[in-house]
Student: 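So that we are looking at the same thing, I have put the structure below in structure tokens.
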Amino acid sequence: MEIIELDPKSASVKSVVNEIDDLMNSLYPQESNQLLSIEELMSDDVYFIGVKNGKEVIGCGAIVRKCNDGIYGELKRIYVKPNYRGKGISKSIMNALIAYAKEEKFPAIRLETGIKQSEAINLYEKLGFRKRKQFGSYLYDPLSIYMELELCV
């Protein structure tokens with residue numbers, strides 16, 4: 001399995017995006033979900049990658065160039081299908097996004113995640129992300145955790 005750039009318009013990407021939406025909507029109220037749409041994933045400011053098994057997208061992640069609060073990359077849509085978890089796929093996707101951020105000379109990567117996603121939070125902490133206050137257009141939400149990884153560029 002290799003990491004490739006994804007086409008947000010493809011049926012397999014739309015399927016995994018819908019799966020992410022369904023999961024997030026089952027965990028949190030609508031107002032707590034900050035999900036990028038397919039249209040937003042097509043923006044020139046978004047680098048969207050994933051892993052395929054045959055024609056099926058089994059994991060994905062995106063980084064968005066942001067310019068509010070200074071320049072940084074924001075992680076979005078980090079996800080691996082349940083049957084493929086525990087195989088290091090999330091870590092590979094994260095490492096590829098971190099490498100991209102370094103190439104783009106982002107001074108930091110930020111993310112917002114939910115308090116019920118302990119496995120994701122543990123991975124982010126192992127990769128060096130630290131908790132911080134909300135950023136950008138985010139308003140405080142007790143169901144959210146905000147994190148940042150400072151990069152040496």
Student: Listed by chain and number, what are the side-chain contact (heavy atoms from CB on, under 4.5 Å) partners of Lys9, not counting sequence neighbours?
Tutor: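 Partners of Lys9 under the side-chain contact (heavy atoms from CB on, under 4.5 Å) test: Asp7, Met42.
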Student: Out of curiosity, Cys60 SG to Glu19 CD, how far, rounded to the nearest 0.5 Å?
Tutor: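 Here the rounded value is 9.5 Å.
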Student: Considering only residues two or more places apart or on different chains, which pairs with a residue in residues 44-82 satisfy ring-ring contact (aromatic ring centres under 6.0 Å, His included)?
Tutor: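 Output for this query lists Tyr47-Tyr100, Tyr72-Phe135.
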Student: Residues two or more places apart in sequence or in another chain: which of them pass side-chain contact (heavy atoms from CB on, under 4.5 Å) with Ser37?
Tutor: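 Once residues adjacent in sequence are excluded, the partners of Ser37 under the side-chain contact (heavy atoms from CB on, under 4.5 Å) criterion are Glu39, Glu40.
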Student: Quick one: list whatever passes side-chain hydrogen bond (donor to acceptor under 3.5 Å, both in side chains) with Arg85, sequence neighbours left out.
Tutor: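 None.
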Student: Can you tell me how far NZ of Lys91 sits from CD1 of Ile98, rounded to the nearest 0.5 angstrom?
Tutor: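 Separation between the atoms: 10.0 Å.
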Student: Roughly how far apart are Ile109 CD1 and Met94 CE, rounded to 0.5 Å?
Tutor: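 It comes to 7.0 Å.
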Student: If you round to the nearest 0.5 Å, how far is CG of Leu143 from NZ of Lys116?
Tutor: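 The NZ atom of Lys116 sits 6.5 Å away from the CG atom of Leu143.
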Student: Does Glu74 pair with Lys76 as a salt bridge, N-O distance under 4.0 Å?
Tutor: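 Counted as a salt bridge, because a side-chain N and a carboxylate O are separated by less than 4.0 Å.
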Student: Can you tell if the side chain of Val51 reaches within under 4.5 Å of the side chain of Glu2, non-hydrogen atoms only?
Tutor: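 No, too far: nothing below the 4.5 Å cut-off.
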Student: To which residues is Tyr140 joined in a hydrophobic cluster, defined by side-chain heavy-atom contacts under 4.5 Å among Ile, Leu, Val, Met, Phe, Trp and Tyr, whether direct or through other members?
Tutor: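 None; Tyr140 is a cluster of one.
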Student: Taking Ser92 for the side chain and Gly88 for the main chain, is one N or O donor matched with an acceptor at less than 3.5 Å?
Tutor: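 Judged by distance alone, yes, a pair lies under 3.5 Å.
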Student: Of the non-hydrogen atoms in Ser32 and Asp141, which two are nearest, and what is the gap between them?
Tutor: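 Answer, listing the atom of Ser32 first, then Asp141: OG-OD2, 2.7 Å.
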Student: Could you note down all residue pairs passing salt bridge (charged side-chain N to carboxylate O under 4.0 Å, His left out) where residues 119-130 supplies at least one of them, sequence neighbours left out?
Tutor: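 Non-adjacent pairs meeting salt bridge (charged side-chain N to carboxylate O under 4.0 Å, His left out): zero.
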Student: Is the CD1 atom of Ile4 crowded by more than 12 outside heavy atoms at less than 6.0 Å?
Tutor: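 Atom CD1 in Ile4 is packed in, count exceeds 12.
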Student: Nearest heavy-atom pair of Leu41 and Ala62: which atoms, and what distance?
Tutor: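 The pair with the smallest heavy-atom distance is CD2-CB, 4.1 Å.
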Student: List the atom of Ile78, the atom of Gly61, and the distance in Å for their closest heavy-atom pair.
Tutor: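 Heavy atoms of Ile78 and Gly61 come nearest at CD1-CA, 3.6 Å.
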Student: Can you check whether Val64 reaches Leu36 side chain to side chain, under 4.5 Å on heavy atoms?
Tutor: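 Val64 reaches Leu36 side chain to side chain.
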Student: Can you name the residues that form a side-chain contact (heavy atoms from CB on, under 4.5 Å) with Glu150, not counting sequence neighbours?
Tutor: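 With sequence neighbours excluded, Glu150 shows a side-chain contact (heavy atoms from CB on, under 4.5 Å) to Glu148, given in chain and number order.
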Student: So which heavy atom on Leu127 is nearest to which on Leu149, and how close?
Tutor: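 Residues Leu127 and Leu149, closest heavy atoms: O-CD1, 3.7 Å.
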Student: With sequence neighbours excluded, what pairs up with Asn33 under the side-chain hydrogen bond (donor to acceptor under 3.5 Å, both in side chains) test?
Tutor: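 Partners of Asn33 by the side-chain hydrogen bond (donor to acceptor under 3.5 Å, both in side chains) criterion, ordered by chain and then number, come out as Asn25.
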Student: Between Lys14 and Ile38, is the side-chain contact (heavy atoms from CB on, under 4.5 Å) condition met? List the steps.
Tutor: CA-CA 7 Å; Lys14 288 180 181 179; Ile38 293 291; 4.0 Å; yes
Student: Measuring from Leu123:CG to Phe129:CZ, what's the distance to the nearest 0.5 Å?
Tutor: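 With rounding to 0.5 Å, CG (Leu123) is 8.5 Å from CZ (Phe129).
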Student: For Glu112, give me all partners under side-chain contact (heavy atoms from CB on, under 4.5 Å), at least two apart in sequence or on another chain.
Tutor: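 By the side-chain contact (heavy atoms from CB on, under 4.5 Å) rule, Glu112 matches Gln34, Tyr138, Ser144, Tyr146.
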Student: Does Glu56 have any side-chain hydrogen bond (donor to acceptor under 3.5 Å, both in side chains) partners at least two apart in sequence or in another chain, and if so, which?
Tutor: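 Listed in chain order: Lys81.
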Student: So, for Val57 and Ser12, which heavy atoms are closest and what is the spacing to 0.1 Å?
Tutor: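 Shortest heavy-atom contact: CG2-OG, 3.3 Å.
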Student: How far apart are the closest heavy atoms of Ile63 and Ala101, and which atoms are they?
Tutor: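 Taking Ile63 first and Ala101 second, the nearest heavy atoms are CD1-CB, 3.8 Å.
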Student: Mind checking what makes side-chain hydrogen bond (donor to acceptor under 3.5 Å, both in side chains) contact with Gln117, not counting sequence neighbours?
Tutor: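 Partners of Gln117 under the side-chain hydrogen bond (donor to acceptor under 3.5 Å, both in side chains) test: Tyr28.
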Student: In Å and rounded to the nearest 0.5 Å, what is the CD1 to CD1 distance from Ile93 to Ile3?
Tutor: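 Ile93 CD1 to Ile3 CD1: 6.0 Å, rounded to 0.5 Å.
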Student: Does a salt bridge link Asp21 with Arg77, judged by any charged N lying under 4.0 Å from a carboxylate O?
Tutor: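 A salt bridge links Asp21 with Arg77.
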Student: Taking it one step at a time, do Lys131 and Ile145 satisfy side-chain contact (heavy atoms from CB on, under 4.5 Å)?
Tutor: CA-CA 7 Å; Lys131 292 179 182 168; Ile145 293 174; 4.0 Å; yes
